[in-house]
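Whatever order the structure lists them in is the order used to number ligands and atoms, beginning at 1.
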Amino acid sequence: MKMNLGQPPRIPTQFARTALGLQTMEEPHSRPLSLCRVNTKSILISRAHMLVHAIALIVLVRYRASLFFTEMNPADRPPALAWLLISLAELMLSFSWLLNQAYRWRPVTRAAFPERLPEDGELPPIDVFVCTADPDREPTVEVMSTVISAMALDYPPEKVHVYLSDDGGSPLTLHGMREAYDFARWWLPFCKKFEIKTRCPKAYFMDDEEEEDGDGVDVRSSDEYDSEKRKVKEKYELFKARVNGYKARCRGDSSLRSRDHPSTVELIRGSSADEVVQADQQDMPLLVYVAREKRPSHHHHFKAGALNALLRVSGVTSNSPYVLVLDCDMYCNDPSSARQAMCFHLDPKLSPSLSFVQFPQRFHNISENDIYDSKMRSYFWTSLCGMDGLKGPGLSGTGFYIKRESLNGKSITNSIGTDAMDLRKLFGDSKEFIKYLQQNDQPSKSIIHGNSAAFRKEVEFLASCEYESGTKWGQEVGFMYYSVVEDYFTGFTLHCNGWTSVFYNPPKPQFLGTATTNLNDLLIQGTRWSSGLSKVGISRFCPLVYGSLRMPILQSMCYAQLALFPFYCLPICCFATIPQICLVNGISIYPEVSSSYIMLFAFIFLSSLCKHLHEVVASGHTVQTFLNEQRIWMIKSTTSHVYGTIDAVMTQIGMRRASFLPTNKVDDDEQSKRYEMGIFDFQTSILFLAPMVTLVILNMASFIVGVARVLTLGGGDELFMQIVLSFFILAMTYPVIEGMVLRTDKGRIPRSVTTLSAFLSLALLLLGSGFLMR
Ligand SMILES: O=c1ccn([C@@H]2O[C@H](COP(=O)(O)OP(=O)(O)O[C@H]3O[C@H](CO)[C@@H](O)[C@H](O)[C@H]3O)[C@@H](O)[C@H]2O)c(=O)[nH]1
Ligand SMILES: [Mn+2]
């Protein structure tokens with residue numbers, strides 16, 4: 001089979017051609033579907049800053065290096081190991097800075113014009129994939145809200161097919177789907193009739209209790225609206241009661257999230273018991289429940305495995321050319337997202353190489369203070385806009401519309417219709433699947449709705465765990481298995497294969513998810529991400545090598561920055577310990593205040609802080625956000641990044657198996673209250689607390705000893721920088737100090753942890769003094 005390495009297929013898809021026709025025949029070139037604007041102002045500021053900062057860093061490296069070669073009185077020479085480590089740490093952070101500049105090289109913003117899209121009849125069909133794994137951590141009613149919001153997309157209903165993958169194989173989820181379908185038969189017509197904009201029922205009824213929003217203003221005041229709304233609300237309450245009732249009945253039933261179950265695929269129909277339904281089957285999107293087979297003997301590859309099973313099952317069911325992927329908590333907040341995404345997918349200039357349109361992840365549960373930086377502004381505002389100006393944003397797991405064809409391996413257009421054996425090696429043994437893949441066609445409705453025995457057998461085979469053995473699923477085809485951050489690695493592979501992507505961040509969030517809003521979940525999630533990312537960083541796929549051969553260097557720098565950032569825990573840990581240990585011992589490792597080099601250090605320090613602050617403010621955020629980002633970066637660097645990196649190294653050398661613990665999506669009332677008030681909640685594992693508290697205590701001790709030393713013995717000139725550094729760290733981690741000494745509530749740092757950490761920091765100080773001071 002001919003593999004077209006590095007080049008995407010150049011033939012526009014059938015639907016892009018339609019749009020092309022539209023542009024050439026009906027519309028002059030003046031009405032594009034989308035626009036891309038280069039952010040000139042931000043580019044000018046960034047590049048000017050880059051130049052100046054880079055010069056400062058070069059001088060710094062020169063300064064550190066020169067000291068190794070200058071003749072010095074041994075008494076004046078700083079201890080070699082401490083000096084070396086600090087120099088290496090500075091070098092690593094400078095390298096990280098360099099990689100980070102790729103995001104700032106050419107950021108762009110985009111606009112879409114859905115009103116210029118072709119008629120509904122010409123729009124391409126879409127399959128929506130929703131993944132869930134555990135009904136305890138992911139409450140069924142909420143998962144169904146996501147499913148219903150997807151069914152209610154503002155798109156021709158016969159062109160929307162919603163698939164739910166249930167990795168728990170839970171009867172509760174299947175039951176929830178049937179109930180959701182019944183409720184949707186009331187909900188969808190209601191949304192359509194009154195032009196409701198918030199189509200996730202949970203969000204709609206919640207908004208409604210709080211305040212009236214702009215939904216369907218004109219029709220809203222009518223009696224008809226009121227009475228229908230009351231009726232739909234009743235149906236919603238009934239739906240919730242039925243799902244929760246079922247849940248209560250099967251409490252304690254371990255089959256609710258088994259890791260050992262056969263594949264089940266069911267096309268969901270309404271129960272005939274429901275009296276007068278409002279919507280006909282024709283007006284309803286197809287709804288399919290899929291629980292792929294899981295056996296303890298087979299590695300199931302987490303979410304990527306689930307998505308690949310959905311790709312196959314949907315491939316013989318609806319086989320839509322575009323797929324929207326959603327996490328189970330990420331509901332459609334604006335029903336127009338499909339049309340917005342089509343503005344890019346059908347844009348003849350972008351379409352031939354365009355793989356996916358990524359919307360940012362936004363969250364509905366973030367408080368005013370956002371103390372845990374759950375918003376991830378730097379990623380979803382700065383990084384993705386920056387990549388968009390190069391080859392396109394990385395994939396971020398949820399809220400993206402992807403072209404199915406781009407997931408079919410390197411160059412499917414060249415291979416289709418050629419050798420059947422080769423196709424089976426890539427895609428597996430299903431003739432049906434390969435048939436639709438080759439035809440780029442949709443199975444007829446009668447086959448699907450017939451729900452025949454043959455159809456059932458085929459889909460269950462496609463969802464079985466044996467199906468993938470000996471195929472290229474997860475390696476060349478579909479979503480990639482190599483890393484637990486399947487989104488990052490799949491996006492990277494697509495870009496390596498020459499595909500492009502688009503980032504679109506319209507003012508109204510298109511999707512809203514549940515962010516991690518407590519320290520424990522944040523650090524667990526952070527550890528998983530760090531592990532998955534650094535695994536790529538230390539593998540043969542390291543973006544700096546593998547990527548730079550296959551994509552523009554700036555794009556590979558962006559990917560490298562992501563894959564390598566967990567490793568910056570090393571320099572951060574150095575900066576949090578070495579200057580402090582030296583300070584206690586009265587040893588200076590920075591230039592003295594009277595030296596002109598102090599200006600260099602001060603400049604680098606302030607220049608990076610100011611640039612960060614400017615970016616935060618320019619993206620419409622506050623100084624509080626800046627402080628939160630700095631603080632969380634410090635906390636994560638000394639906890640989850642450390643564990644993630646260790647985990648990645650251990651999986652790489654075969655000492656551990658990869659794991660994916662889904663993030664908790666259930667609220668704890670007391671924790672939520674603290675979160676809303678902006679108070680840190682330290683109820684997390686001692687493994688996370690101990691390193692963090694140890695470092696804070698070490699900095700406290702060194703600050704106190706340092707100041708005392710200067711006051712009694714002098715030497716403020718040489719030790720000034722180290723005192724400032726300790727003070728800065730303490731100021732930034734103030735909530736930890738507060739949690740340790742001032743608070744008495746349940747979310748404080750337990751006394752036992754503080755005591756243990758005090759001992760650890762003493763040990764660190766003694767050991768460090770022994771080793772470093774030589
Ligand atoms: O074995 C599994 C594990 C998870 N999931 C689903 O994957 C989704 C994401 O999992 P979640 O626990 O919410 O993880 P997060 O860390 O919040 O997810 C982020 O990071 C993941 C990669 O680590 C990406 O896949 C996600 O899209 C991205 O939102 C959820 O819908 C889960 O139900 C599965 O289907 N099967
Ligand atoms: Mn999530």
Asker: Is the cationic atom of R550 (NZ for Lys, CZ for Arg) positioned less than 6.0 Å from the six-membered ring centroid of Y546 and within 45 degrees of its normal?
Answerer: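 Geometry flag: set, cation within 6.0 Å and 45°.
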Asker: Side chain or backbone of K665 under 4.0 Å from ligand 1, or both, or neither, by non-hydrogen atoms?
Answerer: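 For K665, the contact with ligand 1 is made by the side chain alone.
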Asker: Flag the pair Y643 / F688 as yes when their ring centroid distance falls below 6.0 Å, and as no otherwise.
Answerer: yes
Asker: Using a 6.0 Å distance limit plus a 45 degree cone around the ring axis, check whether K403 lies over the aromatic ring of Y322.
Answerer: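 Output no; distance or angle outside limits.
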Asker: How are the rings of F461 and Y467 set to each other: parallel, tilted or perpendicular (split at 30° and 60°)?
Answerer: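 Perpendicular.
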Asker: Can you tell me if NZ on K665 sees more than 12 non-hydrogen neighbours from other groups inside 6.0 Å?
Answerer: yes
Asker: Examine E486 against ligand 1 and note whether any of their N/O atoms are separated by less than 3.5 Å.
Answerer: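 Yes; the residue has a nitrogen or oxygen that sits under 3.5 Å from a nitrogen or oxygen of the ligand.
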Asker: Using a 3.5 Å cut-off on N or O atoms only, is V485 in polar contact with ligand 1?
Answerer: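 In this structure, V485 places no N or O atom under 3.5 Å from an N or O of ligand 1.
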Asker: Any salt bridge (Lys or Arg N to Asp or Glu O under 4.0 Å) involving residues 637-652? Give me the pairs, sequence neighbours left out, ordered by first then second residue.
Answerer: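 Listed once each, the pairs are D647-R656.
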Asker: Heavy atoms only, cut-off 4.0 Å: how does F302 contact ligand 1, side chain, backbone, both, or neither?
Answerer: both
Asker: Assess H301 for proximity to ligand 1: is some non-hydrogen atom of it under 4.0 Å away?
Answerer: no
Asker: Counting non-hydrogen protein atoms only, what is the nearest one to atom 17 (O) of ligand 1? Give residue, atom name and distance.
Answerer: Q525 NE2, 3.0 Å
Asker: Give a yes or no answer on whether the side chain of D327 reaches the backbone of M330 with a donor-acceptor pair at less than 3.5 Å.
Answerer: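 Pair absent, no side-chain N/O of D327 close to backbone of M330.
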Asker: Please indicate whether any nitrogen or oxygen in A306 is less than 3.5 Å from any nitrogen or oxygen in ligand 1.
Answerer: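 In this structure, A306 places no N or O atom under 3.5 Å from an N or O of ligand 1.
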Asker: Among all protein heavy atoms, pick the one closest to atom 20 (O) of ligand 1 and tell me residue, atom and distance.
Answerer: W529 NE1, 3.1 Å
Asker: Among protein heavy atoms, which sits nearest to atom 6 (C) of ligand 1, and what does the distance come to when rounded to 0.1 Å?
Answerer: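 Result: C131 CB, 3.9 Å.
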Asker: Any N or O on S165 sitting closer than 3.5 Å to an N or O of ligand 1?
Answerer: no
Asker: Please write down residue, atom name and distance for the protein heavy atom closest to atom 2 (C) of ligand 1.
Answerer: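 Result: D167 OD2, 3.5 Å.
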Asker: For atom 28 (C) of ligand 1, what's the nearest protein heavy-atom neighbour? Residue, atom name and distance, please.
Answerer: D327 OD2, 3.5 Å
Asker: Taking non-hydrogen atoms only, is V484 closer than 4.0 angstrom to ligand 1 via side chain, backbone, both or neither?
Answerer: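 Answer for V484: backbone.
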Asker: Compute the shortest N/O to N/O distance between K294 and ligand 1 and return yes if it is under 3.5 Å, no if not.
Answerer: no
Asker: For atom 32 (C) of ligand 1, what's the nearest protein heavy atom and its distance?
Answerer: E138 OE2, 3.3 Å
Asker: Pull out every atom of ligand 1 sitting under 4.0 Å from any heavy atom of G397, numbered as shown with elements.
Answerer: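 Here the atoms of ligand 1 in question are 27 (O).
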Asker: Cut-off 3.5 Å, side chains only: do Y481 and N308 have a donor facing an acceptor?
Answerer: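 A pair is found: one side chain offers a donor N or O, the other an acceptor, under 3.5 Å apart.
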Asker: Nearest to atom 12 (O) of ligand 1, what protein heavy atom do you find, and at what distance?
Answerer: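 In this structure, atom 12 (O) of ligand 1 has T663 N, 2.6 Å as its nearest protein heavy atom.
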Asker: Tell me whether ligand 1 is touched by Q361 - counting only heavy atoms on the residue side and a distance under 4.0 Å.
Answerer: yes
Asker: What protein heavy atom is closest to atom 7 (O) of ligand 1, reported as residue, atom name and distance in Å?
Answerer: K303 CD, 3.1 Å
Asker: Does S469 use its side chain to pair, donor to acceptor, with the backbone of E466 at less than 3.5 Å?
Answerer: yes
Asker: Short list, please: which atoms of ligand 1 are under 4.0 Å from a heavy atom of P662?
Answerer: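 Those of ligand 1 that fall under 4.0 Å from P662 are 12 (O).
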Asker: Checking contacts here: is it the side chain or the backbone of M330 that comes within 4.0 Å of ligand 1, counting heavy atoms only? Could be both or neither.
Answerer: neither
Asker: Checking L512 now: which residues fulfil side-chain contact (heavy atoms from CB on, under 4.5 Å) with it, not counting sequence neighbours?
Answerer: Y331, N333, R362, H364, P509
Asker: I'd like to know if the side chain of T146 reaches the main chain of C328, judged simply by a donor and an acceptor atom lying under 3.5 Å from each other, with no hydrogens or angles considered.
Answerer: yes
Asker: Quick one: which ligand 1 atoms are inside 4.0 Å of a heavy atom on T132?
Answerer: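 Those qualifying, in numeric order: 33 (O), 35 (O).
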Asker: Side chains of S336 and Q340: do they bring a donor and an acceptor to under 3.5 Å?
Answerer: yes
Asker: Please evaluate residues F567 and F565 with respect to the criterion ring pair (Phe, Tyr, Trp, His ring centres under 6.0 Å), reporting the C-alpha separation (whole Å), side-chain torsions for both, the decisive distance (0.1 Å), and the verdict.
Answerer: CA-CA 5 Å; F567 293 103; F565 87 81; 9.5 Å; no
